[in-house]
A.B. asks: 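Sharing a structure below in C-alpha cells format, with a few things to ask.
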Amino acid sequence: MRIGFVDSAHPLLAEQLVAAGHECTALHQVDDAHLVDALAGHQGIVVRSRQLSADLLRQLGDLKFIGRLGSGLENIDRDYCKKAGIAVFNSPEGNRDGVAETAVMLLLMLLKHAVRGNEQAHTGLWLREENRGTDLEGKTVGIIGFGHMGSAFAQRLHGFDVRVMAHDKYLKNYATAGVEECALEQLQEECDAISLHLPLTKETTHFVDAAFIARMRKPFWLINTARGGVVHTASLLDGLDSGKVIGAGLDVLEFERPDLSGLDLGREPHTMKRLLGHEHVVITPHIAGVTHEGKRKMAEVLVRKILAFAAGSAPEAATGRTGP
C-alpha cells in the first residue's frame with residue numbers, strides 16, 4: 001500500500017512499513033490547502049493531531065485505513081469513515097504509561113503543594129508550615145473511563161495504599177485486583193479525588209460541569225489528562241472558588257486549538273484569565289503522553305495494526321466507546 005504521513009512520527013514506523021513492502025510518503029509539511037492532492041492515490045494515512053474532515057476524506061477514493069498515533073479520535077470524522085468503509089485504528093497502548101504516570105504526578109503535586117513550594121523556594125522563601133501537605137495514603141480515588149489510560153493509572157496507584165473505584169458506562173466486569181467497579185453515583189458519594197480518562201465526544205463534552213461538582217459529596221481533587229472539553233472550565237473555577245474542588249491538575253484545557261498546537265487565547269478571555277491565574281490549578285501543556293518511550297511504542301503498536309490490516313486480519317479496532 002501507499003501510506004501518507006500527514007504528521008511526523010517515530011522513524012521506526014516508516015522503516016518497518018517499507019521493510020514490509022509498503023511505500024511511505026512524508027506529507028507533514030504539506031499545508032491543508034494542498035493535502036487532498038498530495039494524498040491522491042494513497043491507501044492509508046498516518047495522523048497524530050491533524051484534522052481529517054469528511055470533506056477531505058470523501059475526495060480520497062483509494063483510502064482504506066487511517067492510523068492515529070495516540071488515543072483520541074476527535075480529529076477524524078469517524079462517522080464518514082464508517083459509511084465509507086475506511087478502517088480507523090489508534091495506538092493508546094503506546095502512550096498509556098506516560099499518561100498514567102502524569103496523572104499520578106499531577107495528583108501528588110496538588111496534595112503536596114509542589115508548584116507553590118518550588119516557586120517560593122526559588123525566590124528565597126522557605127515556608128514549611130504554610131505548605132503542609134496531604135498524604136495520598138488512605139484516600140479514595142475515582143477513575144472515570146477504564147480503558148487503556150484509566151486502567152494504567154489504577155495500576156500505578158497500587159503502591160499508595162489507596163482505595164480505587166472505577167466507573168465506565170460501556171464496560172462490565174472489568175474490575176481487577178484492588179479496583180472496585182461502581183456506578184457513577186457511588187463514585188461521587190465516596191471519592192476524595194477524581195481522574196478523567198474519557199474520549200471527547202458529544203456525550204462527554206462538559207461531562208464535569210456544575211451539576212457534576214454539586215453531586216460530589218466531599219470536597220475533591222480533579223485530574224484531567226484526557227481532553228480539555230470534558231471539563232466545563234467556568235464551572236470548575238466556580239467549584240475551586242467555593243472550596244468544593246480543592247485543586248485541579250490539568251494536562252489538557254478546553255481552550256486548546258483543534259490540532260492541539262496551542263491555546264486559543266481569544267476564546268472566553270475572562271475564563272482563561274481566571275484559569276491561568278488560579279493558585280489551586282496545576283497546568284501542563286498536554287504532555288502526559290509525550291515521552292521518548294511513548295513515541296516509539298506508539299509507532300510499534302501502529303505498525304503492528306497496519307501490517308495486520310494489510311494482511312487481511314482485523315487489527316484491534318480503535319476504541320468504539322463514545323461515553324463515560
A.B. asks: Per the salt bridge (charged side-chain N to carboxylate O under 4.0 Å, His left out) rule, what does the pair list look like for residues 225-249, sequence neighbours excluded?
C.D. replies: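 Qualifying pairs: Glu74-Arg227, Asp238-Arg274, Asp241-Arg274.
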A.B. asks: Which is it for Thr102 and Asp251 under the side chain to side chain donor-acceptor pair (under 3.5 Å) test, yes or no, and what are the steps along the way?
C.D. replies: CA-CA 8 Å; Thr102 300; Asp251 183 58; over 6 Å; no
A.B. asks: Please name the pair of heavy atoms, one in Cys182 and one in Met165, separated by the smallest distance, quoted to 0.1 Å.
C.D. replies: SG-CE, 3.7 Å
A.B. asks: If the threshold is 4.0 Å, N to carboxylate O, is there a salt bridge linking Asp259 and Arg50?
C.D. replies: no
A.B. asks: Would you say Met149 ends up clustered with Leu107 if hydrophobic residues are merged whenever their side chains have heavy atoms under 4.5 Å apart, either directly or through other cluster members?
C.D. replies: no
A.B. asks: For Glu189, enumerate each residue passing the salt bridge (Lys or Arg N to Asp or Glu O under 4.0 Å) test, keeping only those at least two apart in sequence or located in another chain.
C.D. replies: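 For Glu189, the residues satisfying salt bridge (Lys or Arg N to Asp or Glu O under 4.0 Å) (neighbours in sequence not counted) are Arg217.
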A.B. asks: To the closest 0.5 Å, what do you measure between CG (Leu250) and NE2 (His278)?
C.D. replies: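 NE2 of His278 is found 11.0 Å from CG of Leu250.
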A.B. asks: Could you tell me if His42 and Thr25 have a donor-acceptor pair between their side chains, going purely by distance under 3.5 Å?
C.D. replies: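 Side chains of Thr25 and His42: pair found under 3.5 Å.
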A.B. asks: Roughly how far, to the nearest 0.5 Å, is the OG atom of Ser151 from the CG atom of Asp168?
C.D. replies: 10.0 Å
A.B. asks: Could you name each residue pair satisfying salt bridge (charged side-chain N to carboxylate O under 4.0 Å, His left out) that touches residues 285-300, not counting sequence neighbours?
C.D. replies: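 Listed once each, the pairs are Asp97-Lys297, Arg296-Glu300.
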A.B. asks: Hey, could you give me the CD1/CG distance between Ile86 and Leu60, rounded to the nearest 0.5 Å?
C.D. replies: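 So the CD1 of Ile86 and the CG of Leu60 are separated by 7.5 Å.
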A.B. asks: Are the side chains of Phe89 and Ile66 in touch, meaning some heavy atoms are under 4.5 Å apart?
C.D. replies: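 No, their side chains stay 4.5 Å or more apart.
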A.B. asks: Hydrophobic cluster membership, with links at side-chain heavy-atom distances under 4.5 Å among I/L/V/M/F/W/Y: are Val290 and Val252 in one?
C.D. replies: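 Per the 4.5 Å side-chain linkage, Val290 and Val252 are not co-clustered.
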A.B. asks: Are Leu110 and Val141 joined in one hydrophobic group, where the rule is that I, L, V, M, F, W and Y side chains link up if heavy atoms are under 4.5 Å apart?
C.D. replies: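 Yes, it is one cluster - the side chains of Leu110 and Val141 are joined through contacts under 4.5 Å.
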A.B. asks: Test of understanding: with side-chain hydrogen bond (donor to acceptor under 3.5 Å, both in side chains), list the residues that count as partners of Asp37, not counting sequence neighbours.
C.D. replies: none
A.B. asks: With a 4.5 Å heavy-atom cut-off, do Phe153 and Val164 have their side chains touching?
C.D. replies: no
A.B. asks: Taking the side chain as every heavy atom from C-beta outward, state whether Cys191 and Phe220 have any pair of such atoms under 4.5 Å apart.
C.D. replies: no
A.B. asks: Just by modelled atom types, is the Leu73 backbone N or O under 3.5 Å from a matching donor or acceptor in the Arg78 side chain?
C.D. replies: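 Checked: no pair found.
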A.B. asks: Can you check side-chain contact (heavy atoms from CB on, under 4.5 Å) on Lys202 and Thr205, steps first, answer last?
C.D. replies: CA-CA 5 Å; Lys202 291 179 181 179; Thr205 297; 5.6 Å; no
A.B. asks: Return the minimal non-hydrogen interatomic distance between Leu69 and Ala9, and the atom names on each side.
C.D. replies: CD1-CB, 3.4 Å
A.B. asks: Taking the side chain as every heavy atom from C-beta outward, state whether His34 and Asp31 have any atom pair closer than 4.5 Å.
C.D. replies: yes
A.B. asks: If we ignore hydrogens and angles and just use 3.5 Å, is the side chain of Lys305 paired with the main-chain N or O of Asn90 as donor and acceptor?
C.D. replies: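 Side chain of Lys305 to backbone of Asn90: a pair is present.
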A.B. asks: For Glu93 versus Val301, what's the shortest heavy-atom pair and its separation?
C.D. replies: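 Closest heavy-atom pair between Glu93 and Val301: OE1-CG1, 3.3 Å.
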A.B. asks: Starting at CG of Leu13, measure out to CD of Gln16 and round the result to the nearest 0.5 Å.
C.D. replies: 8.0 Å
A.B. asks: Using only atom types and a distance under 3.5 Å, with no angle test, would you say the side chain of Thr291 pairs donor to acceptor with the backbone of Gly294?
C.D. replies: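 Between the backbone of Gly294 and the side chain of Thr291 there is a qualifying donor-acceptor contact (under 3.5 Å).
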A.B. asks: Flag the pair Leu200 / Phe207 as yes when at least one side-chain heavy-atom distance between them is below 4.5 Å, and no otherwise.
C.D. replies: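 Leu200 vs Phe207: side chains apart.
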A.B. asks: Could you give the distance from SG (Cys81) to CG (Leu63), rounded to the nearest 0.5 Å?
C.D. replies: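 That separation rounds to 7.0 Å.
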A.B. asks: Hydrophobic side-chain clustering at under 4.5 Å (ILVMFWY, transitive links): who's grouped with Leu127? Put none if nobody.
C.D. replies: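 Leu125, all in the cluster of Leu127.
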A.B. asks: In terms of heavy-atom contacts, does NZ of Lys218 have more than 12 from other residues, nucleotides or ligands at under 6.0 Å?
C.D. replies: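 It does: Lys218 NZ has more than 12 such atoms within range.
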A.B. asks: Does Phe146 have its ring centroid less than 6.0 Å away from the ring centroid of His197?
C.D. replies: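 So the answer is no for these two rings.
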A.B. asks: What are the two closest heavy atoms between Pro199 and Val230, and how far apart are they?
C.D. replies: O-CG2, 4.2 Å
A.B. asks: Under the salt bridge (charged side-chain N to carboxylate O under 4.0 Å, His left out) rule, what do Lys169 and Glu203 come out as? Steps first, then yes or no, please.
C.D. replies: CA-CA 11 Å; Lys169 180 177 177 180; Glu203 187 176 5; 2.6 Å; yes
A.B. asks: Look only at the side chain of Asp77 and the backbone of Ser53, and say whether a donor-acceptor pair between them is shorter than 3.5 Å.
C.D. replies: no
A.B. asks: Give, for atom CZ of Arg163 and atom NZ of Lys139, the distance between the pair rounded to the nearest 0.5 Å.
C.D. replies: 14.0 Å
A.B. asks: Look at the rings of His232 and His206 and say which category their plane angle falls in: under 30° parallel, 30 to 60° tilted, over 60° perpendicular.
C.D. replies: perpendicular
A.B. asks: If you group Ile, Leu, Val, Met, Phe, Trp and Tyr by side-chain heavy-atom gaps below 4.5 Å, do Leu52 and Val36 land in one group?
C.D. replies: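 Yes: a chain of side-chain contacts under 4.5 Å links Leu52 to Val36.
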A.B. asks: Consider only side-chain heavy atoms of I, L, V, M, F, W and Y, link residues closer than 4.5 Å, and tell whether Met1 and Phe5 are in one cluster.
C.D. replies: yes
A.B. asks: Would you check if Ile306 and Leu17 make a side-chain contact, meaning some heavy-atom pair closer than 4.5 Å?
C.D. replies: yes
A.B. asks: Restricting to side-chain contact (heavy atoms from CB on, under 4.5 Å), what partner residues turn up for Ile283, sequence neighbours left out?
C.D. replies: Leu253, Leu275, Leu276, Val281
A.B. asks: Does one side chain, of Asn75 or Ser49, offer a donor that lies under 3.5 Å from an acceptor on the other?
C.D. replies: no
A.B. asks: If you look only at pairs with a residue in residues 261-271, which of them pass as a salt bridge (charged side-chain N to carboxylate O under 4.0 Å, His left out), with sequence neighbours excluded?
C.D. replies: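 Listed once each, the pairs are Glu254-Arg267.
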A.B. asks: Tell me whether Gln43 contacts the main-chain N or O of Gly41 through its side chain, where contact means a donor paired with an acceptor under 3.5 Å.
C.D. replies: yes
A.B. asks: Could you pull out all residues at least two apart from His122 that satisfy side-chain contact (heavy atoms from CB on, under 4.5 Å)?
C.D. replies: Asn118
A.B. asks: Run the side-chain hydrogen bond (donor to acceptor under 3.5 Å, both in side chains) test against Asp161 and tell me which residues pass, sequence neighbours left out.
C.D. replies: none
A.B. asks: Among residues at least two apart in sequence or on other chains, which ones pass side-chain hydrogen bond (donor to acceptor under 3.5 Å, both in side chains) with Asp135?
C.D. replies: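 If we apply the side-chain hydrogen bond (donor to acceptor under 3.5 Å, both in side chains) test to Asp135, skipping adjacent residues, the hits are Lys112.
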A.B. asks: Taking all non-hydrogen atoms of both residues into account, name the closest pair between Tyr174 and His167 and its distance.
C.D. replies: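 Minimum heavy-atom separation between Tyr174 and His167: OH-CA, 3.3 Å.
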A.B. asks: Applying side-chain hydrogen bond (donor to acceptor under 3.5 Å, both in side chains), name anything that partners Arg68, two or more places apart in sequence or on another chain.
C.D. replies: none
A.B. asks: Identify which one of Ile246, Ile194, Leu240, Leu106 satisfies the side chain to side chain contact (heavy atoms under 4.5 Å, CB included) criterion when paired with Leu222.
C.D. replies: Ile194
A.B. asks: Without swapping roles, check the side chain of Asn224 against the backbone of Ala226 for a donor-acceptor pair under 3.5 Å.
C.D. replies: yes
A.B. asks: If you compare all heavy atoms of Thr123 against all heavy atoms of Gln120, which two are closest, and at what distance to 0.1 Å?
C.D. replies: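 Scanning both residues, the minimum pair turns out to be OG1-O, 2.7 Å.
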A.B. asks: Is there a side-chain contact between Phe160 and Val104, using heavy atoms and a 4.5 Å cut-off?
C.D. replies: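 Of all side-chain heavy-atom pairs linking Val104 with Phe160, at least one is under 4.5 Å.
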A.B. asks: Only pairs at least two apart or in different chains count here, so list each salt bridge (charged side-chain N to carboxylate O under 4.0 Å, His left out) that has a residue in residues 19-28.
C.D. replies: Arg2-Glu23
A.B. asks: With the side chain counted from C-beta on, respond yes when Phe65 and Val88 share a heavy-atom pair under 4.5 Å apart, and no when they do not.
C.D. replies: no
